[in-house]
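This report concerns only the one structure given below.
Everything numeric here is computed off the predicted structure, so don't read it as measured data. Lettering follows sequence order; numbering is per chain, from 1.
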Number of protein chains: 2
Amino acid sequence: MENKTTIHDIAKALKIDASTVSRALNNSPRVSQKTKARILAKANEMGYQRNVLASNLRKSVTNTIGVIVPRISRHFFSSVISGIEEAAYDAGYNVIICQSLEQLKRERKIIETLLANRVAGVLLSVSMETVEFDHLLNMKNNGTPFLFFDRHCEIEGISSVLIDDLQGGFEATEHLILNGCKNIGHFSGPQELAIYRNRTAGYRKALEKHKIPFRPELILRSSLMENDGAEGAKTLLSLPYDIDGLFSANDVAAIGAMKYFKKEGIRVPENVAIVGFSNEPVSGIIDPSLTTIDQPGFQIGQIATKLLLDEISNSSKDNIIIGKTTIQKSSLIERDSSRRIT
Amino acid sequence: MENKTTIHDIAKALKIDASTVSRALNNSPRVSQKTKARILAKANEMGYQRNVLASNLRKSVTNTIGVIVPRISRHFFSSVISGIEEAAYDAGYNVIICQSLEQLKRERKIIETLLANRVAGVLLSVSMETVEFDHLLNMKNNGTPFLFFDRHCEIEGISSVLIDDLQGGFEATEHLILNGCKNIGHFSGPQELAIYRNRTAGYRKALEKHKIPFRPELILRSSLMENDGAEGAKTLLSLPYDIDGLFSANDVAAIGAMKYFKKEGIRVPENVAIVGFSNEPVSGIIDPSLTTIDQPGFQIGQIATKLLLDEISNSSKDNIIIGKTTIQKSSLIERDSSRRIT
DNA sequence: CTGTTAGCGCGTTCAT
DNA sequence: ATGAACGCGCTAACAG
């Protein structure tokens, strides 16, 4: 039942020392091929399984990588996690998932726990409240490799895997303009987060390109929750002129707006672009007035994991600081055709 | 930088023994309140943090619970995980997430890894391929507490947290019938999984109640992927009579069917009920022809975790086998109103 | 209540 | 290329 075979057992059976067995099992070059083969065979025969806990203690690192996201149930994040899990699995790492629930306090606590558990590295997308970086700097000083994805902070020597939000915002807005919209509302999020600043910058860039005057009152900042979307829709409708387009910096708020429009019996504007929406199974049948910008979550997860694993192996070899790496992706998906523009 | 304070350091500083410190830090009742206080104060002062790895090795258990789901990116599962994570977090446990991707082979490997990592317990929803239980029985023999949720196997002494699928299937079908449907197609999944058998049983029960003759050709079994839905829709449309309703055992296949209908320019049947759909943010604006059965993923996660934690603490105290616990939940959400029937 | 002793199983020195 | 010995930091006996 209980697996009790240790390296000592197999050493005894082979009349050699446990340290040799240990070396062989770690594929050390300092063991002859012959004994290595003998040991591996015996280990197999005896059904040996390395005691991960002891190994962890000795090395004082685990083979686990920590992941921190605001919310697992947001489709974008679960897609990213999916990608992370897959890449990590292939490399023999476990993944431990944590949710900050957009709270800085929780984010701090989580990082503390992860460090206490000696994770090999951390992948994180910061919470909306994360305006102080002490806990992140602490993690850096502690020597734990980490990487941002999607939402990041500017920290020297820490890489990020990002979507090109400016381009996404630009494409979303231009899409509306090309469909004849002039007065385009924009739901934006906390300006502390680069993703929202960038999406807004994209919005303005598109207006400029098409010589549409910028109206500050069309930009509504919120936490982009569903009821923020509803409130925003209400506010936009109360303007003295009609809006004919809406670019929301995320899906949740856009959906809130859609619901509000419907509830009030108001005809939804013909074109609404949403950045941040990537709910694949639904995107094809969702309300026709929605167009979405796809966030390739899965790939982001994979890429981020690979980069992190690189850093993990490098940092253990040496102390080389890798420069800031930025991966940029963006694509616009049209609702009906599921065809990609761009 | 590195946290080096051990229980020995603080023992030395207080001129007592390390074991007493250990006991105090574990809040053992066999240390006087006074010394306990002194120790805690000193530990705090010295910035002590328990070395989890050493603790794990000594106890040969971690404070981590493993979770296995078919796919993280399915909204239902990510909701469950959310609930698990929250309940576990409150109890001081970490959560390690794994995806079987519906493959028995992966499920086996994952369980092996989890056991090797000495997780405190496991929560799992089996893959569609899981028709052999050797790996699960192995885990049981190994003494690792575990619990099924949503998709389960009948294993003596192992509890499950389930949705009342028969009732759900019944409600979905009756909903269609009450809306005037007579010829109701049904997408079902692998019959090895109880959830699909039960949903189908609910379908038949509703037909019987309303004295609608059962037609075997209306039931289509598949893996319920999106293209299965499309294929199924095609098949149903090729019948010599018209269908006027569709009850799909999951959301993905239903969406596949919807897409097919639209692509072919066919008018979607007025009422379509979907069991297994719980994509909250979208449910309110999804295609009007869809009605969904809500699966309360978050709560299931919480409940399952609490039960597991119970078993974990009991099994360490004693070897009591807890009987099969079944939690049943089901509710039908109407699209427009978001109001719950039942 | 507290101290003493003894490992958990592994990886890694230092020898040879 | 292999063996001997040590210790990672903690907890669980067993004393007293």
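Contacts of B/R50 with the nucleic acid, taken as non-hydrogen atoms under 4.0 Å apart, involve only primed sugar atoms and P, OP1 or OP2. As judged by a 4.0 angstrom heavy-atom cut-off over every strand, A/S32 is placed among residues touching the sugar-phosphate backbone only. Contact annotation for A/S19: base contact, defined as any heavy-atom pair under 4.0 Å involving a base atom. B/D17 comes within 4.0 angstrom of a nucleotide base, judged by non-hydrogen atoms across all strands.
Summarising the geometry, the separation between CZ on B/R38 and C1' on C/dC1 is reported as 13 Å, rounded to the nearest angstrom. Regarding B/I10, its CD1 atom lies at a distance of 13 Å from the P atom of C/dT2, rounded to whole Å. Summarising the geometry, the separation between NZ on B/K15 and C1' on C/dG3 is reported as 17 Å, rounded to the nearest angstrom. Between A/L53 atom CG and D/dC10 atom P there is a gap of 15 Å when expressed in whole angstrom units. In this structure, CG of B/N26 is placed 7 Å from P of D/dA12, rounded to the nearest angstrom. Atom CZ of A/R118 and atom P of C/dC10 are 20 Å apart (whole Å). Atom CG in B/L25 sits roughly 8 Å away from atom P in D/dC10 (whole-Å rounding). B/Q33 has its CD atom 10 Å from the P atom of C/dT2, to the nearest Å.
Here the CG-CZ distance, from A/L57 to B/R58, works out to 12.0 Å after rounding to the nearest 0.5 Å. Separation of atoms CD1 (B/I96) and CG (A/N94) is listed at 3.5 Å; rounding is to 0.5 Å.
At the phosphate of D/dT11, OP1 or OP2 sits under 4.0 Å from a side-chain N or O atom of B/S22. The phosphate of C/dT2 (OP1 or OP2) has a side-chain N or O of B/T35 nearer than 4.0 angstrom.
Map A/I7 and A/R30 each onto its nearest nucleotide of DNA chain C; the residue landing nearer the 5' end is A/I7.
The nucleotide whose nearest atom lies closest to any side-chain atom of B/V31 is, among C/dT2, C/dT12, D/dC10, C/dT2.
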